[in-house]
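One structure below.
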Amino acid sequence: MSDRFIIEFDKALRTVFAPATTWRPVPGNDLPDAELSVEERRHVAGLMRVNHCGEVCAQALYQGQALTSRDPSTRQALEQAGREETEHLAWTERRMAELGGRKSLLNPLWYAGSLTLGVIAGKLGDAWNLGFLAETERQVGAHLDSHLGKLPPQDARSHAIIEQMKTDEASHADTAVRLGGRELPAPVKGAMRLMSQVMTRTAYHV
């Protein structure tokens, strides 16, 4: 039990404070960087900070859900999704650095809250756990889609990163449904959207 705690605590510290790593090439890395105005760079950096913060939350959610999942296949799906989200962390972190941006100062707070939600979701049983995963990924996909419309059209690098993230999130949602995820009640979906809006609006600035 103490070994498991140390492993999970180390995972949390690495997610919040350490540079993330990627096994796949960074999407758009071979494309030339666009000419952006100072205001455009600030705006895109803010969008990427929001996306990075969302991936921090996803890491914490999946960690909490995997900790309390009863089914090995569910736990494996959550851990695989978490590994891919680590790549998203690396991509958004790198793009922020290229634009002169920084991570959200509130990442430790977002992580703690999301970890708690993940533990609760896992405690409700694997069907609800997977349903929560599927709905999270659907909402993240919609959020990424909205960001594509907010990016400067000439910023091909940021577009490529968000497009690949969208593809990965959709795959995670499909896997969760295939493994037996339940459709969440409408009030729960609404509460998730409200919490997401609070996070995105705050992380854009802080």
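The chain is numbered in sequence order, starting from 1. This one's a predicted model, so the numbers in the text were calculated from it and none came from an experiment.
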Non-hydrogen side-chain atoms of H52 and R95 separated by less than 4.5 Å: no
side-chain contact (heavy atoms from CB on, under 4.5 Å), that's the test. Do L130 and Q65 meet it? Break it down for me. CA-CA 9 Å; L130 288 165; Q65 289 177 277; over 6 Å; no
Quick check: closest heavy atoms across [X] and [Y], and the distance to 0.1 Å?
X: G64; Y: L115; result: N-CD1, 3.5 Å
X: K103; Y: R49; result: C-CD, 3.6 Å
X: P27; Y: I161; result: O-CG1, 3.5 Å
X: E183; Y: W128; result: O-CZ3, 3.6 Å
X: P19; Y: E93; result: CA-OE2, 3.4 Å
X: R157; Y: L31; result: NE-O, 2.8 Å

Common cluster, [X]/[Y], ILVMFWY with side-chain heavy-atom separation under 4.5 Å:
X: W91; Y: V44; answer: yes
X: L148; Y: M48; answer: yes
X: M165; Y: L151; answer: yes
X: M192; Y: L124; answer: yes
X: V140; Y: I162; answer: yes

When rounded to the nearest 0.5 angstrom, what distance separates [atom1] in [X] from [atom2] in [Y]?
X: D155; Y: H43; atom1: CG; atom2: NE2; answer: 10.0 Å
X: L47; Y: T92; atom1: CG; atom2: OG1; answer: 12.0 Å
X: C53; Y: L106; atom1: SG; atom2: CG; answer: 7.5 Å
X: S104; Y: M96; atom1: OG; atom2: CE; answer: 9.0 Å
X: T68; Y: N129; atom1: OG1; atom2: CG; answer: 5.5 Å
X: T136; Y: L184; atom1: OG1; atom2: CG; answer: 8.0 Å

Does [X] use its side chain to pair, donor to acceptor, with the backbone of [Y] at less than 3.5 Å?
X: T167; Y: E163; value: yes
X: S114; Y: Y111; value: no
X: E87; Y: R24; value: yes

Ignoring hydrogens and geometry beyond distance, is a side-chain donor-acceptor pair present between N29 and R94 at under 3.5 Å?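 R94 and N29 do have a side-chain donor-acceptor pair below 3.5 Å.
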Pair Q164, D168 - check side chain to side chain donor-acceptor pair (under 3.5 Å), show working. CA-CA 6 Å; Q164 186 58 55; D168 291 344; 3.1 Å; yes
Which residues satisfy the side-chain hydrogen bond (donor to acceptor under 3.5 Å, both in side chains) test with R41, sequence neighbours excluded?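 Partners of R41 under the side-chain hydrogen bond (donor to acceptor under 3.5 Å, both in side chains) test: none.
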Geometric class of the Y62/H172 ring pair [parallel <30°, tilted 30-60°, perpendicular >60°]: perpendicular
Give the intermediate values and the outcome of side-chain contact (heavy atoms from CB on, under 4.5 Å) for residues Q139 and R193. CA-CA 7 Å; Q139 292 193 16; R193 278 191 291 270; 3.3 Å; yes
Charged N to carboxylate O below 4.0 Å: is that the case for R42 and E39?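 So R42 pairs with E39 through a salt bridge.
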Under the side-chain contact (heavy atoms from CB on, under 4.5 Å) rule, what do N51 and E55 come out as? Steps first, then yes or no, please. CA-CA 6 Å; N51 292 327; E55 298 304 329; 5.6 Å; no
Could you go through the side-chain contact (heavy atoms from CB on, under 4.5 Å) check for M195 and M199 one step at a time? CA-CA 6 Å; M195 292 171 63; M199 184 274 288; over 6 Å; no
Take E169 and K166 through the salt bridge (Lys or Arg N to Asp or Glu O under 4.0 Å) test and state the conclusion after the steps. CA-CA 5 Å; E169 310 298 2; K166 257 187 70 179; over 6 Å; no
Between Q59 and Q63, is a side chain to side chain donor-acceptor pair (under 3.5 Å) present by the stated rule, with each step listed? CA-CA 6 Å; Q59 285 286 307; Q63 184 181 3; over 6 Å; no
